[in-house]
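See structure below.
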There are 2 protein chains.
Amino acid sequence: MTGEGSALAKRVAISDVAARAGVSPTTVSHVLSGRRHVSEVTRARVRSVMDELGWEPNQLARSLRMQRTQTIALIVPDITNPFYPSVARGLLDVVTEPGYQVLIGNTDGSSQAERDLVARMVTRSVDAMVFAGYYSKASDVTAAVEAGIPVALMGGRRASPGIDVLSSDDLAAGEIATRYLIGRGYHRIGFITGPSGDGPPADRVKGYRRALTSAGLRFNSQLIVREEFSRAGGTAGLQKLLELRKPPRAVLCTNDMVAIGALDVARARGLRVPDDLAVMGFDDIEAAALISPALTTIAGDPREQGRAVGRVLLGRLEETGRLEGTAASLPQRILFAPSVVPRESA
Amino acid sequence: MTGEGSALAKRVAISDVAARAGVSPTTVSHVLSGRRHVSEVTRARVRSVMDELGWEPNQLARSLRMQRTQTIALIVPDITNPFYPSVARGLLDVVTEPGYQVLIGNTDGSSQAERDLVARMVTRSVDAMVFAGYYSKASDVTAAVEAGIPVALMGGRRASPGIDVLSSDDLAAGEIATRYLIGRGYHRIGFITGPSGDGPPADRVKGYRRALTSAGLRFNSQLIVREEFSRAGGTAGLQKLLELRKPPRAVLCTNDMVAIGALDVARARGLRVPDDLAVMGFDDIEAAALISPALTTIAGDPREQGRAVGRVLLGRLEETGRLEGTAASLPQRILFAPSVVPRESA
DNA sequence: CTGAAAGCGCTTACAG
DNA sequence: CTGAAAGCGCTTACAG
């Protein structure tokens with residue numbers, strides 16, 4: 001019984017390869033890394049022993065020694081929200097090739113969970129971190145920053161040392177949507193926004209207002225209604241808008257779910273969309289293309305955002321590798337411009 | 001200049017705590033783990049130094065020493081397919097509390113990528129692995145099995161040593177769907193299935209056939225059409241079915257996308273759904289509830305599947321911890337029963 | 001009740 | 001061109 005095939009067979013280590021090849025671990029390490037010259041013959045011998053024993057360096061040991069884990073943390077509120085898997089995909093797209101892996105964490109938006117996860121990631125010595133919260137702010141990631149880990153904050157408002165910020169340009173989104181509607185001849189445009197007066201939804205309203213103004217149209221606060229971010233919110237919102245003395249001919253909804261709720265009431269009332277009423281959403285969720293009439297909406301590109309995040313972080317990682325202690329380049333803030341996806345509803 | 005506040009401040013190590021508390025690292029380690037008695041006084045002193053210096057053990061060092069990384073790999077074909085984020089969520093649900101983190105990998109279904117990722121995960125000494133491929137089989141994960149890493153294979157056909165298999169019960173799904181339709185008075189039922197004659201889609205057809213038979217209904221192969229897994233496939237499939245001399249009164253579609261395609265032709269031809277034609281899908285994608293008429297479909301519970309996967313793996317991990325080399329319990333195969341989500345279309 | 005030492009598996013100054 | 005040794009930061013037999 002050699003035990004060779006056993007599931008419990010000890011993993012082969014660099015010392016095994018060295019012994020078998022009749023060289024030192026140092027040399028084995030160097031044929032692997034190529035960081036110093038090794039004579040043709042020994043190199044060949046070592047290579048063949050590596051293959052023979054199927055040796056691959058233990059990343060754990062390597063990480064401990066090199067102080068680099070080749071790992072990036074991705075912390076999100078809810079991986080089940082389709083935006084984040086797309087971001088994850090984009091991140092993986094650019095980060096896999098250079099040898100990084102990604103560790104995911106789900107916070108449910110709880111700041112307790114956020115702190116715990118950030119701490120655990122630090123404890124695990126991730127090389128970089130992307131953090132997305134419902135209301136991302138720098139203070140959520142201080143533990144990482146203090147540990148010298150570069151972080152990319154998604155959805156944050158401003159960059160700070162150690163923290164690059166990447167987010168959707170919600171103001172532009174609102175502006176673009178409104179301009180699209182105006183261009184199609186709608187001048188009386190309602191807006192069903194979210195319950196609170198700040199954050200991305202408020203930025204969209206700001207963009208809407210700006211587009212109105214620059215088109216010489218009057219902004220009318222009666223046309224803005226605040227509702228929950230849900231199908232029911234859309235229903236309620238459109239109902240209110242339709243009760244107005246002069247109801248809008250088009251309605252912008254703060255997200256696609258809300259727009260779908262608005263379409264429900266249009267259907268129930270027998271309104272033709274978009275002839276009697278144009279409806280437009282934001283986000284471009286999968287259902288937007290599948291419902292009837294298909295929803296015209298504003299799309300970001302979450303996968304591309306993920307790629308951008310990856311690139312930014314890779315850049316930071318290169319910096320810290322090279323210039324040890326030298327001043328890093330300034331933290332960036334990157335805004336993603338959205339575009340309209342014209343379909344049937346507007 | 002103390003450098004204390006610098007981003008480059010060395011992380012504090014166990015030896016720092018020990019020195020400052022006037023004890024050995026051994027003792028510090030033991031107050032942390034509680035694995036041996038430490039006198040009240042020294043324990044208190046060590047604790048306060050820990051707090052003061054903010055020390056947390058470096059997981060890397062700990063992992064290297066203990067041969068346990070507290071990491072689980074999750075390898076999926078496409079994290080962007082909503083099934084997988086739900087699985088990920090369920091996995092996180094059960095695995096976070098006991099201190100595990102999850103490393104994700106995306107293969108795009110390429111077996112090259114699958115092999116590479118499995119190898120990389122092994123190299124990183126993950127404690128366990130969940131693997132989902134488009135056609136998962138044991139041979140995809142041999143590298144992990146050989147390294148003694150317990151794996152949970154999602155969607156596989158049979159368990160084998162070191163590999164537990166968890167999958168949806170597609171046969172039951174087909175049967176349940178068909179029975180539902182029969183129960184609602186539909187006796188002539190068409191089936192738009194996928195292009196190939198095996199895998200989950202074929203199992204669904206088998207279940208359909210079985211339900212028909214056990215209800216005393218005749219199986220008619222003309223009512224089965226093979227199409228692509230897409231909206232266009234659903235359109236084409238229903239068109240063929242409607243050209244039959246005696247077209248079906250109800251149609252089962254191999255997934256919700258296909259069902260949506262079928263609904264497109266029903267709408268175009270002015271058929272009332274479900275009165276003239278009942279349409280039913282599988283999977284319960286988000287859009288199923290949002291379209292009109294809302295789609296009646298068969299739902300699995302991916303998040304619960306993820307939880308189950310987590311539980312199985314946690315069980316295996318406990319086994320290997322306890323009985324070193326003793327025979328592990330037999331590999332399991334767990335099948336998830338789906339249920340119908342009655343909505344408007346059937 | 002506590003500590004010195006070995007060792008997990010690598011990489012990299014240092015020396016020749 | 002190559003190797004012996006130190007060290008990354010822990011845990012745990014071993015010894016007292």
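Lettering follows sequence order; numbering is per chain, from 1.
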Check the interface with nucleotides 13-15 of chain C: list each N/O to N/O pair with the protein under 3.5 Å, or write none.
none

Measure from [atom1] on [X] to [atom2] on [N] and round the result to the nearest Å.
X	N	atom1	atom2	result
B:I14	D:dC10	CD1	C1'	6 Å
A:Q70	D:dC8	CD	C1'	16 Å
B:D16	D:dG7	CG	P	15 Å
B:Q67	D:dT11	CD	C1'	11 Å
A:L32	D:dT2	CG	P	16 Å
B:M66	C:dA6	CE	C1'	16 Å

Establish, with yes or no, whether the OP1 or OP2 oxygen of C:dT2 is under 4.0 angstrom from a side-chain nitrogen or oxygen of B:S24.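 Negative; the distance criterion is not met.
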Sequence neighbours left out, what passes side-chain contact (heavy atoms from CB on, under 4.5 Å) with [X]? Give chain and number order.
X	result
B:P161	none
B:S15	B:A13
A:D78	A:T80, A:N81, A:N106, A:Y134, B:R89
A:S63	A:T69, B:L60

Between A:R316 and A:S329, a side-chain donor and acceptor under 3.5 Å: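 Looking only at side-chain atoms, A:S329 and A:R316 do form a donor-acceptor pair, the distance falling under 3.5 Å.
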Any B:L314 side-chain heavy atom under 4.5 Å of B:Y100 side chain: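 Yes, side chains in contact.
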Do the side chains of A:R20 and A:E52 get nearer than 4.5 Å, heavy atoms only? yes
Excluding sequence neighbours, so at least two apart, what forms salt bridge (Lys or Arg N to Asp or Glu O under 4.0 Å) with [X]?
X	result
A:R303	A:D93
B:E304	B:R307, B:R311
A:E97	none

Under 3.5 Å for both distances, Watson-Crick or G-U wobble, that's the pair rule; now give the dot-bracket for DNA chain C, with | marking pairs to another strand and [ ] for crossing ones. |||.||||||||.|||
Name every residue in residues 49-63 of chain B that has at least one heavy atom under 4.0 Å from any atom of DNA chain C, in order of residue number, or write none if there are no such residues.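 Residues of residues 49-63 of chain B that come under 4.0 Å of DNA chain C do not exist, since none gets that close.
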Taking DNA chain C as the partner, which of residues 116-125 of chain B come within under 4.0 angstrom of it by heavy atom?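 Listed by number, there are none.
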Going by heavy atoms closer than 4.0 Å, what residues in residues 37-48 of chain A are next to DNA chain D?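 Within this stretch, A:H37, A:V38, A:S39, A:T42 sit under 4.0 Å of the strand.
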